[in-house]
Number of protein chains: 2
Amino acid sequence: MKTIELEDDLYRYIASQTKDIGESASDILRRLLDVSANVSADLTNVEESQPHAVDTNSETKQTVTKSPVVVEEEPTPVSAPIVVETAVEVVSHSTLPASIAKLIKNKKFKETTVSVTKFIQILSVLYAENPKEFDSATDIKGRKRIYFAKSESELLSAGSTTKPRHIENTPYWVITNTNTGRKRNIITQLMAEMGYTHALIDAVSQSI
Amino acid sequence: MKTIELEDDLYRYIASQTKDIGESASDILRRLLDVSANVSADLTNVEESQPHAVDTNSETKQTVTKSPVVVEEEPTPVSAPIVVETAVEVVSHSTLPASIAKLIKNKKFKETTVSVTKFIQILSVLYAENPKEFDSATDIKGRKRIYFAKSESELLSAGSTTKPRHIENTPYWVITNTNTGRKRNIITQLMAEMGYTHALIDAVSQSI
DNA sequence: GACGAGATCGGTGGGATTGTTG
DNA sequence: ACCAACAATCCCACCGATCTCG
(Lines give C-alpha, C1' and ligand atoms only; values in the text may rest on other atoms or scores of the structure.)
Protein backbone atom coordinates (compact mmCIF):
# COMPACT_ATOMS: atom_id res chain seq x y z
CA MET A 1 0.00 0.00 0.00
CA LYS A 2 1.11 3.48 -0.82
CA THR A 3 -0.14 6.72 0.57
CA ILE A 4 -0.83 9.82 -1.45
CA GLU A 5 -2.18 13.22 -0.66
CA LEU A 6 -5.12 14.81 -2.33
CA GLU A 7 -6.58 18.26 -2.10
CA ASP A 8 -9.87 18.22 -0.28
CA ASP A 9 -12.15 18.94 -3.18
CA LEU A 10 -10.53 16.29 -5.30
CA TYR A 11 -10.87 13.81 -2.49
CA ARG A 12 -14.53 14.59 -2.13
CA TYR A 13 -15.07 14.22 -5.81
CA ILE A 14 -13.49 10.79 -5.79
CA ALA A 15 -15.40 9.74 -2.72
CA SER A 16 -18.60 10.82 -4.39
CA GLN A 17 -17.94 8.39 -7.20
CA THR A 18 -18.41 5.43 -4.93
CA LYS A 19 -20.68 2.89 -6.52
CA ASP A 20 -20.70 0.11 -3.99
CA ILE A 21 -20.78 0.54 -0.27
CA GLY A 22 -17.42 0.01 1.31
CA GLU A 23 -15.41 0.52 -1.84
CA SER A 24 -11.82 1.47 -1.22
CA ALA A 25 -10.08 4.41 -2.83
CA SER A 26 -8.28 1.96 -5.05
CA ASP A 27 -11.52 0.40 -6.23
CA ILE A 28 -13.00 3.71 -7.16
CA LEU A 29 -9.91 4.95 -8.94
CA ARG A 30 -9.51 1.75 -10.87
CA ARG A 31 -12.97 2.18 -12.22
CA LEU A 32 -12.53 5.86 -13.03
CA LEU A 33 -9.13 5.38 -14.60
CA ASP A 34 -10.02 2.13 -16.21
CA VAL A 35 -7.13 0.24 -14.69
CA SER A 36 -7.82 -3.37 -13.93
CA ALA A 37 -6.90 -4.91 -10.62
CA ASN A 38 -4.06 -7.30 -10.16
CA VAL A 39 -4.87 -10.40 -8.25
CA SER A 40 -3.64 -9.97 -4.73
CA ALA A 41 -4.97 -9.80 -1.28
CA ASP A 42 -5.87 -6.52 0.25
CA LEU A 43 -6.32 -6.16 3.91
CA THR A 44 -8.33 -3.57 5.62
CA ASN A 45 -7.18 -2.30 8.93
CA VAL A 46 -9.60 -2.13 11.72
CA GLU A 47 -9.12 0.60 14.21
CA GLU A 48 -9.23 -0.13 17.83
CA SER A 49 -10.86 1.96 20.42
CA GLN A 50 -9.78 3.52 23.66
CA PRO A 51 -11.47 3.29 27.00
CA HIS A 52 -13.78 6.17 27.37
CA ALA A 53 -13.62 9.26 29.42
CA VAL A 54 -15.80 11.47 31.52
CA ASP A 55 -18.40 13.37 29.65
CA THR A 56 -18.76 17.04 30.11
CA ASN A 57 -21.13 18.39 27.62
CA SER A 58 -20.74 22.06 27.23
CA GLU A 59 -21.78 22.45 23.68
CA THR A 60 -24.80 24.42 24.58
CA LYS A 61 -23.84 27.33 26.67
CA GLN A 62 -26.24 30.16 26.96
CA THR A 63 -25.08 33.65 27.45
CA VAL A 64 -27.49 36.42 26.90
CA THR A 65 -26.02 39.34 25.13
CA LYS A 66 -27.51 42.36 23.59
CA SER A 67 -26.99 42.96 19.97
CA PRO A 68 -24.67 45.93 19.67
CA VAL A 69 -25.98 46.86 16.32
CA VAL A 70 -28.88 49.17 16.12
CA VAL A 71 -30.95 48.62 13.09
CA GLU A 72 -34.42 49.24 11.91
CA GLU A 73 -36.69 46.32 12.18
CA GLU A 74 -38.35 46.91 8.90
CA PRO A 75 -38.15 43.87 6.68
CA THR A 76 -36.57 44.91 3.47
CA PRO A 77 -37.82 43.15 0.40
CA VAL A 78 -35.10 41.08 -1.08
CA SER A 79 -35.17 40.21 -4.72
CA ALA A 80 -36.24 36.68 -4.07
CA PRO A 81 -39.02 35.83 -1.68
CA ILE A 82 -38.24 32.62 0.04
CA VAL A 83 -40.64 29.94 0.89
CA VAL A 84 -40.55 28.60 4.38
CA GLU A 85 -42.18 25.28 4.64
CA THR A 86 -43.08 23.79 7.94
CA ALA A 87 -45.31 20.97 8.88
CA VAL A 88 -46.32 22.56 12.10
CA GLU A 89 -46.45 26.22 11.50
CA VAL A 90 -48.49 28.27 9.21
CA VAL A 91 -45.90 30.69 8.05
CA SER A 92 -45.50 30.08 4.41
CA HIS A 93 -44.21 33.10 2.61
CA SER A 94 -41.67 35.24 4.29
CA THR A 95 -39.27 37.78 3.05
CA LEU A 96 -35.78 37.74 4.35
CA PRO A 97 -34.14 41.01 5.28
CA ALA A 98 -31.09 42.00 3.36
CA SER A 99 -28.61 41.93 6.22
CA ILE A 100 -28.07 39.62 9.16
CA ALA A 101 -28.22 42.53 11.51
CA LYS A 102 -31.76 43.01 10.38
CA LEU A 103 -32.60 39.36 10.16
CA ILE A 104 -32.00 38.66 13.78
CA LYS A 105 -34.23 41.53 14.79
CA ASN A 106 -36.97 40.48 12.48
CA LYS A 107 -40.15 39.53 14.27
CA LYS A 108 -40.99 36.47 12.24
CA PHE A 109 -37.46 35.25 12.63
CA LYS A 110 -37.44 35.67 16.38
CA GLU A 111 -40.70 33.85 16.71
CA THR A 112 -39.40 30.77 14.99
CA THR A 113 -38.75 27.96 17.39
CA VAL A 114 -37.17 25.56 14.95
CA SER A 115 -33.47 26.18 15.03
CA VAL A 116 -32.76 24.52 11.73
CA THR A 117 -34.94 27.06 10.04
CA LYS A 118 -33.10 29.94 11.61
CA PHE A 119 -29.82 28.29 10.80
CA ILE A 120 -30.63 28.04 7.12
CA GLN A 121 -32.01 31.54 6.94
CA ILE A 122 -28.96 33.01 8.55
CA LEU A 123 -26.76 31.23 6.07
CA SER A 124 -28.88 32.41 3.21
CA VAL A 125 -28.54 36.02 4.27
CA LEU A 126 -24.85 35.71 4.97
CA TYR A 127 -24.38 34.48 1.45
CA ALA A 128 -26.43 37.32 0.05
CA GLU A 129 -24.34 39.84 1.94
CA ASN A 130 -21.07 38.66 0.63
CA PRO A 131 -20.92 35.70 -1.70
CA LYS A 132 -17.19 35.82 -2.19
CA GLU A 133 -16.30 35.80 1.47
CA PHE A 134 -18.93 33.17 2.10
CA ASP A 135 -17.43 31.13 -0.64
CA SER A 136 -13.98 31.07 0.79
CA ALA A 137 -15.21 30.46 4.30
CA THR A 138 -17.11 27.32 3.45
CA ASP A 139 -14.06 25.17 3.86
CA ILE A 140 -14.64 24.86 7.56
CA LYS A 141 -15.20 21.33 8.64
CA GLY A 142 -15.40 18.95 11.55
CA ARG A 143 -13.25 15.98 12.32
CA LYS A 144 -14.86 13.82 9.67
CA ARG A 145 -17.66 15.75 8.12
CA ILE A 146 -17.51 18.68 5.81
CA TYR A 147 -20.10 21.30 6.59
CA PHE A 148 -20.71 22.96 3.25
CA ALA A 149 -20.74 21.80 -0.33
CA LYS A 150 -22.28 22.63 -3.67
CA SER A 151 -24.15 19.38 -3.85
CA GLU A 152 -26.09 17.12 -1.62
CA SER A 153 -24.06 14.08 -2.52
CA GLU A 154 -20.79 15.65 -1.51
CA LEU A 155 -22.09 16.08 2.00
CA LEU A 156 -23.63 12.65 2.10
CA SER A 157 -20.37 11.03 1.17
CA ALA A 158 -18.46 12.70 3.99
CA GLY A 159 -20.40 11.25 6.86
CA SER A 160 -23.43 9.18 7.62
CA THR A 161 -26.85 10.69 8.07
CA THR A 162 -25.74 14.24 7.71
CA LYS A 163 -29.18 15.43 6.61
CA PRO A 164 -28.03 17.93 4.02
CA ARG A 165 -30.26 20.89 3.27
CA HIS A 166 -30.08 23.32 0.45
CA ILE A 167 -29.48 26.93 1.44
CA GLU A 168 -32.06 29.00 -0.34
CA ASN A 169 -30.91 31.35 -3.05
CA THR A 170 -27.48 29.92 -2.86
CA PRO A 171 -25.45 27.29 -4.63
CA TYR A 172 -24.66 25.71 -1.27
CA TRP A 173 -25.86 22.87 0.87
CA VAL A 174 -25.23 22.45 4.60
CA ILE A 175 -25.14 19.66 7.05
CA THR A 176 -28.06 19.66 9.41
CA ASN A 177 -27.76 16.69 11.70
CA THR A 178 -26.23 18.52 14.61
CA ASN A 179 -27.34 19.77 17.95
CA THR A 180 -28.02 23.43 18.45
CA GLY A 181 -24.67 24.05 20.04
CA ARG A 182 -22.91 22.86 16.95
CA LYS A 183 -25.14 24.91 14.71
CA ARG A 184 -24.01 27.93 16.67
CA ASN A 185 -20.43 26.83 16.27
CA ILE A 186 -20.74 26.53 12.56
CA ILE A 187 -22.20 30.01 12.29
CA THR A 188 -19.51 31.36 14.54
CA GLN A 189 -16.69 29.80 12.60
CA LEU A 190 -18.14 30.83 9.29
CA MET A 191 -18.71 34.44 10.26
CA ALA A 192 -15.30 34.67 11.86
CA GLU A 193 -13.67 33.54 8.69
CA MET A 194 -15.79 35.98 6.74
CA GLY A 195 -14.43 38.80 8.85
CA TYR A 196 -17.40 39.83 10.93
CA THR A 197 -16.88 41.51 14.27
CA HIS A 198 -16.92 39.48 17.40
CA ALA A 199 -19.95 41.36 18.65
CA LEU A 200 -22.08 40.67 15.63
CA ILE A 201 -21.01 37.06 15.54
CA ASP A 202 -22.10 36.65 19.12
CA ALA A 203 -25.42 38.27 18.51
CA VAL A 204 -26.15 36.06 15.56
CA SER A 205 -25.07 32.85 17.25
CA GLN A 206 -27.19 33.78 20.20
CA SER A 207 -30.20 34.21 18.02
CA ILE A 208 -30.48 30.57 17.12
CA MET B 1 -5.45 17.80 2.44
CA LYS B 2 -6.62 14.27 2.62
CA THR B 3 -4.61 11.11 2.56
CA ILE B 4 -5.69 7.96 0.80
CA GLU B 5 -4.14 4.56 0.42
CA LEU B 6 -3.59 2.93 -2.91
CA GLU B 7 -2.51 -0.51 -3.92
CA ASP B 8 1.04 -0.48 -5.19
CA ASP B 9 0.38 -1.17 -8.83
CA LEU B 10 -2.25 1.52 -9.02
CA TYR B 11 0.12 3.95 -7.38
CA ARG B 12 2.81 3.13 -9.91
CA TYR B 13 0.37 3.58 -12.73
CA ILE B 14 -0.62 7.01 -11.51
CA ALA B 15 2.99 8.03 -10.90
CA SER B 16 3.81 6.96 -14.43
CA GLN B 17 1.32 9.46 -15.76
CA THR B 18 3.39 12.39 -14.54
CA LYS B 19 3.74 14.98 -17.23
CA ASP B 20 5.65 17.72 -15.48
CA ILE B 21 8.46 17.21 -13.08
CA GLY B 22 7.37 17.79 -9.54
CA GLU B 23 3.69 17.28 -10.15
CA SER B 24 1.70 16.33 -7.10
CA ALA B 25 -0.68 13.41 -6.96
CA SER B 26 -3.54 15.87 -7.09
CA ASP B 27 -2.20 17.46 -10.25
CA ILE B 28 -1.92 14.14 -12.01
CA LEU B 29 -5.30 12.90 -10.94
CA ARG B 30 -7.00 16.12 -11.88
CA ARG B 31 -5.66 15.72 -15.37
CA LEU B 32 -6.58 12.06 -15.62
CA LEU B 33 -10.03 12.55 -14.17
CA ASP B 34 -10.62 15.84 -15.87
CA VAL B 35 -11.39 17.66 -12.67
CA SER B 36 -10.38 21.28 -12.59
CA ALA B 37 -8.89 22.90 -9.54
CA ASN B 38 -10.96 25.38 -7.67
CA VAL B 39 -9.51 28.80 -7.61
CA SER B 40 -10.23 29.42 -3.98
CA ALA B 41 -6.65 29.20 -2.78
CA ASP B 42 -6.90 31.27 0.32
CA LEU B 43 -3.52 32.84 0.15
CA THR B 44 -4.50 35.30 2.81
CA ASN B 45 -2.24 38.24 2.45
CA VAL B 46 0.34 38.54 5.08
CA GLU B 47 -0.22 42.22 5.43
CA GLU B 48 -3.76 41.84 6.60
CA SER B 49 -7.08 42.61 5.03
CA GLN B 50 -10.34 41.02 5.91
CA PRO B 51 -13.15 43.08 4.55
CA HIS B 52 -15.73 43.60 7.15
CA ALA B 53 -18.73 42.32 5.44
CA VAL B 54 -21.09 44.84 6.83
CA ASP B 55 -21.93 46.48 3.57
CA THR B 56 -24.23 44.57 1.36
CA ASN B 57 -24.73 45.22 -2.27
CA SER B 58 -21.48 43.93 -3.55
CA GLU B 59 -21.41 42.18 -6.84
CA THR B 60 -22.43 38.59 -6.90
CA LYS B 61 -19.92 37.04 -9.11
CA GLN B 62 -19.23 33.35 -8.93
CA THR B 63 -15.89 32.17 -10.05
CA VAL B 64 -15.56 28.70 -8.75
CA THR B 65 -15.85 26.04 -11.34
CA LYS B 66 -16.87 22.65 -10.23
CA SER B 67 -15.91 19.19 -11.18
CA PRO B 68 -18.22 16.87 -13.06
CA VAL B 69 -20.26 16.57 -9.95
CA VAL B 70 -23.88 17.17 -10.63
CA VAL B 71 -25.26 20.09 -8.79
CA GLU B 72 -28.90 19.65 -8.20
CA GLU B 73 -30.58 22.96 -7.76
CA GLU B 74 -33.90 23.19 -6.14
CA PRO B 75 -36.27 25.01 -8.40
CA THR B 76 -36.63 28.45 -6.99
CA PRO B 77 -39.52 30.63 -7.98
CA VAL B 78 -37.15 33.40 -8.82
CA SER B 79 -33.89 33.71 -10.63
CA ALA B 80 -31.29 31.51 -9.07
CA PRO B 81 -27.73 32.70 -8.63
CA ILE B 82 -25.94 32.48 -11.89
CA VAL B 83 -22.88 30.37 -11.98
CA VAL B 84 -20.32 31.76 -14.31
CA GLU B 85 -17.88 29.30 -15.67
CA THR B 86 -14.26 30.23 -15.72
CA ALA B 87 -11.50 28.71 -17.66
CA VAL B 88 -8.86 30.33 -15.59
CA GLU B 89 -7.31 28.32 -12.87
CA VAL B 90 -3.85 27.80 -11.75
CA VAL B 91 -3.17 27.30 -8.12
CA SER B 92 -3.27 23.78 -6.96
CA HIS B 93 -0.48 23.30 -4.53
CA SER B 94 -0.35 24.26 -0.93
CA THR B 95 -1.76 27.52 0.25
CA LEU B 96 1.03 28.09 2.72
CA PRO B 97 3.34 31.07 2.39
CA ALA B 98 6.70 30.39 0.88
CA SER B 99 8.90 31.28 3.82
CA ILE B 100 8.73 30.77 7.56
CA ALA B 101 9.24 34.44 8.11
CA LYS B 102 5.96 34.98 6.33
CA LEU B 103 4.24 32.00 7.79
CA ILE B 104 4.53 33.16 11.36
CA LYS B 105 3.12 36.54 10.40
CA ASN B 106 0.23 35.07 8.48
CA LYS B 107 -3.14 35.89 9.96
CA LYS B 108 -4.65 32.47 9.54
CA PHE B 109 -1.61 30.93 11.10
CA LYS B 110 -1.63 33.19 14.09
CA GLU B 111 -5.29 32.54 14.69
CA THR B 112 -4.77 28.82 14.92
CA THR B 113 -5.03 27.59 18.46
CA VAL B 114 -4.06 24.02 17.83
CA SER B 115 -0.32 23.73 18.23
CA VAL B 116 -0.01 20.51 16.31
CA THR B 117 -1.35 22.27 13.26
CA LYS B 118 1.18 25.04 13.52
CA PHE B 119 3.92 22.53 14.15
CA ILE B 120 3.16 20.65 10.96
CA GLN B 121 2.82 23.79 8.91
CA ILE B 122 6.11 25.14 10.09
CA LEU B 123 7.82 21.92 9.16
CA SER B 124 6.16 21.93 5.78
CA VAL B 125 7.45 25.41 5.04
CA LEU B 126 10.90 24.66 6.38
CA TYR B 127 11.11 21.77 3.98
CA ALA B 128 9.92 23.90 1.10
CA GLU B 129 12.56 26.51 1.86
CA ASN B 130 15.40 24.11 1.81
CA PRO B 131 14.78 20.43 1.24
CA LYS B 132 18.42 19.47 1.31
CA GLU B 133 19.19 21.08 4.63
CA PHE B 134 15.96 19.79 6.03
CA ASP B 135 16.89 16.37 4.84
CA SER B 136 20.15 16.26 6.67
CA ALA B 137 18.71 17.80 9.80
CA THR B 138 16.06 15.17 10.28
CA ASP B 139 18.39 12.88 12.13
CA ILE B 140 17.65 14.59 15.42
CA LYS B 141 16.08 12.30 17.93
CA GLY B 142 15.16 11.72 21.54
CA ARG B 143 16.28 9.10 23.98
CA LYS B 144 14.25 6.35 22.42
CA ARG B 145 12.15 7.91 19.73
CA ILE B 146 13.18 9.19 16.39
CA TYR B 147 11.42 12.37 15.40
CA PHE B 148 11.39 12.25 11.63
CA ALA B 149 11.09 9.48 9.07
CA LYS B 150 9.90 8.85 5.58
CA SER B 151 7.15 6.54 6.67
CA GLU B 152 4.63 6.22 9.39
CA SER B 153 5.73 2.76 10.37
CA GLU B 154 9.29 3.80 11.01
CA LEU B 155 8.13 6.21 13.65
CA LEU B 156 5.66 3.81 15.16
CA SER B 157 8.31 1.20 15.65
CA ALA B 158 10.56 3.55 17.58
CA GLY B 159 8.23 4.20 20.48
CA SER B 160 4.72 3.57 21.63
CA THR B 161 1.87 5.88 20.73
CA THR B 162 3.96 8.42 18.94
CA LYS B 163 1.03 9.64 16.84
CA PRO B 164 2.92 10.14 13.60
CA ARG B 165 1.62 12.73 11.17
CA HIS B 166 2.53 13.28 7.59
CA ILE B 167 4.08 16.67 6.79
CA GLU B 168 2.22 18.09 3.81
CA ASN B 169 4.06 18.40 0.53
CA THR B 170 6.93 16.51 1.95
CA PRO B 171 8.17 12.96 2.01
CA TYR B 172 8.45 13.15 5.79
CA TRP B 173 6.43 12.16 8.81
CA VAL B 174 6.89 13.54 12.34
CA ILE B 175 6.13 12.42 15.80
CA THR B 176 3.27 14.27 17.37
CA ASN B 177 2.65 12.88 20.80
CA THR B 178 4.56 15.51 22.68
CA ASN B 179 3.75 18.51 24.76
CA THR B 180 4.10 21.95 23.29
CA GLY B 181 7.47 22.48 24.92
CA ARG B 182 8.91 19.52 23.14
CA LYS B 183 7.40 20.62 19.87
CA ARG B 184 9.29 23.87 20.32
CA ASN B 185 12.43 21.92 21.08
CA ILE B 186 12.15 19.88 17.96
CA ILE B 187 11.70 22.98 15.84
CA THR B 188 14.60 24.66 17.56
CA GLN B 189 16.94 21.75 17.08
CA LEU B 190 15.90 21.28 13.50
CA MET B 191 16.29 24.91 12.52
CA ALA B 192 19.61 25.15 14.33
CA GLU B 193 20.94 22.25 12.37
CA MET B 194 19.60 23.79 9.20
CA GLY B 195 21.60 26.92 9.91
CA TYR B 196 18.97 29.49 10.75
CA THR B 197 19.83 32.47 12.89
CA HIS B 198 19.18 32.40 16.57
CA ALA B 199 16.70 35.23 16.25
CA LEU B 200 14.57 33.57 13.65
CA ILE B 201 14.65 30.29 15.49
CA ASP B 202 13.38 32.00 18.58
CA ALA B 203 10.64 33.78 16.74
CA VAL B 204 9.43 30.58 15.15
CA SER B 205 9.55 28.55 18.33
CA GLN B 206 7.67 31.30 20.06
CA SER B 207 4.95 31.21 17.48
CA ILE B 208 3.71 27.78 18.40
C1' DG C 1 -33.33 7.63 1.54
C1' DA C 2 -37.63 9.19 3.36
C1' DC C 3 -40.74 11.82 9.74
C1' DG C 4 -38.01 15.78 11.45
C1' DA C 5 -35.51 18.00 15.07
C1' DG C 6 -31.85 17.89 17.97
C1' DA C 7 -30.23 16.20 22.80
C1' DT C 8 -27.57 12.73 24.36
C1' DC C 9 -23.79 10.09 24.67
C1' DG C 10 -20.01 7.28 22.56
C1' DG C 11 -15.70 8.26 20.15
C1' DT C 12 -11.39 10.73 19.23
C1' DG C 13 -7.61 13.96 19.10
C1' DG C 14 -4.75 17.42 21.61
C1' DG C 15 -1.34 17.97 24.71
C1' DA C 16 -0.59 18.91 29.93
C1' DT C 17 0.72 16.08 33.30
C1' DT C 18 2.95 12.45 35.23
C1' DG C 19 6.02 8.63 35.02
C1' DT C 20 10.82 7.02 33.48
C1' DT C 21 15.69 7.09 32.55
C1' DG C 22 20.40 8.25 32.43
C1' DA D 1 19.10 11.32 46.16
C1' DC D 2 18.29 14.60 42.89
C1' DC D 3 17.96 16.67 38.39
C1' DA D 4 17.26 17.27 33.56
C1' DA D 5 15.60 15.38 29.55
C1' DC D 6 12.44 12.57 27.55
C1' DA D 7 8.35 9.32 26.89
C1' DA D 8 3.63 8.33 26.83
C1' DT D 9 -0.39 7.97 29.84
C1' DC D 10 -4.57 9.92 30.49
C1' DC D 11 -7.91 13.89 31.10
C1' DC D 12 -10.66 17.05 28.77
C1' DA D 13 -12.87 19.43 25.09
C1' DC D 14 -14.61 18.72 20.81
C1' DC D 15 -17.16 16.15 17.20
C1' DG D 16 -20.39 12.69 15.13
C1' DA D 17 -24.57 10.39 14.48
C1' DT D 18 -27.66 7.38 16.94
C1' DC D 19 -31.80 7.47 19.09
C1' DT D 20 -35.53 9.73 21.64
C1' DC D 21 -39.28 12.52 21.52
C1' DG D 22 -42.76 15.64 19.62
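Chain letters run A, B, ... following the sequence lines, proteins first, then strands; residues in each count from 1.
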Please give, in whole Å, the distance from C:dA16 P to B:Ile208 CD1?
11 Å
When the distance from NZ of A:Lys141 to P of C:dT12 is rounded to whole Å, what number comes out?
19 Å
Whole-Å distance separating the CZ atom of A:Arg182 from the P atom of C:dT8:
15 Å
Which whole-number value in Å describes the distance from A:Glu152 CD to C:dA2 C1'?
11 Å
Any chance the side chains of A:Tyr127 and A:Glu168 put a donor and an acceptor closer than 3.5 Å?
no
Under 4.0 angstrom, heavy atoms only, what part of the nucleic acid is B:Phe119 near: base, sugar-phosphate, or nothing?
nothing
Roughly how many Å is it from CD1 in B:Ile140 to P in D:dA5, rounded to a whole number?
16 Å
Between B:Thr180 and B:Lys144, just flag the one whose closest nucleotide in DNA chain C comes earlier from the 5' side.
B:Thr180
Is it true that B:Asp135 and B:Tyr172 share a donor-acceptor pair across their side chains at a distance under 3.5 Å?
yes
Once hydrogens and angles are ignored, does a donor-acceptor distance under 3.5 Å link the base of C:dG6 to the side chain of A:Asn177?
yes
Can you tell me how far the CG atom of A:Leu155 sits from the CD1 atom of A:Ile146, to the nearest 0.5 Å?
5.0 Å
Closest-nucleotide mapping onto DNA chain D: is B:Lys163 or B:Ile146 further toward the 5' terminus? I mean the 5' end.
B:Ile146
A:His166 NE2 to C:dG1 P: how many Å, rounded?
22 Å
Given the P atoms of D:dC2 and C:dA16, what is the spacing between them in whole Å?
28 Å
Nearest-angstrom distance from the residue atom CG of A:Asn179 to C1' of D:dA17
11 Å
OP1 or OP2 of C:dG6 less than 4.0 angstrom from a side-chain nitrogen or oxygen of A:Ser115, does that happen here?
yes
Partner set under side chain to side chain donor-acceptor pair (under 3.5 Å) for B:Ser205, not counting sequence neighbours
B:Thr188
Taking only side-chain nitrogens and oxygens of A:Thr176, does any of them come within less than 4.0 Å of OP1 or OP2 of C:dG4?
no
Contact under 4.0 Å: B:Arg145 side-chain N or O vs C:dT20 OP1/OP2
no
Could you go through B:Val204 and B:Ile187, starting from their C-alpha distance and side-chain angles, then the distance that decides it, and tell me whether this counts as side-chain contact (heavy atoms from CB on, under 4.5 Å)?
CA-CA 8 Å; B:Val204 175; B:Ile187 295 291; 3.9 Å; yes
Atom pair NZ/CD1 of A:Lys105 and A:Ile100 - distance to nearest 0.5 Å
12.5 Å
Under 4.0 Å between a side-chain N/O of A:Thr161 and OP1 or OP2 of D:dT18, yes or no?
yes
Using the side-chain heavy atoms of A:Val114, tell me which of these nucleotides is nearest: C:dG14, D:dG16, C:dA5.
C:dA5
Quick one: is B:Ser160 getting a side-chain N or O under 4.0 Å of the D:dT9 phosphate, OP1 or OP2?
yes
Nucleotide nearest A:Arg165 when distance is taken to its side chain, options D:dC10, C:dA5, D:dC6
C:dA5
Select from A:Leu156 and A:Val116 the residue whose nearest nucleotide in DNA chain C is closer to the 5' end of that strand.
A:Leu156
Could you state the CZ-C1' distance from B:Arg184 to C:dG15, rounded to the nearest angstrom?
12 Å
Are any protein N/O atoms closer than 3.5 Å to N/O atoms in nucleotides 2-4 of chain D? If there are, list each pair with its distance.
none

Going by distance alone, is a donor N or O of one side chain under 3.5 Å from an acceptor N or O of the other, for B:Glu129 and B:Tyr196?
yes
Would you say A:Lys118 and A:Leu103 make side-chain contact, with heavy atoms under 4.5 Å?
no
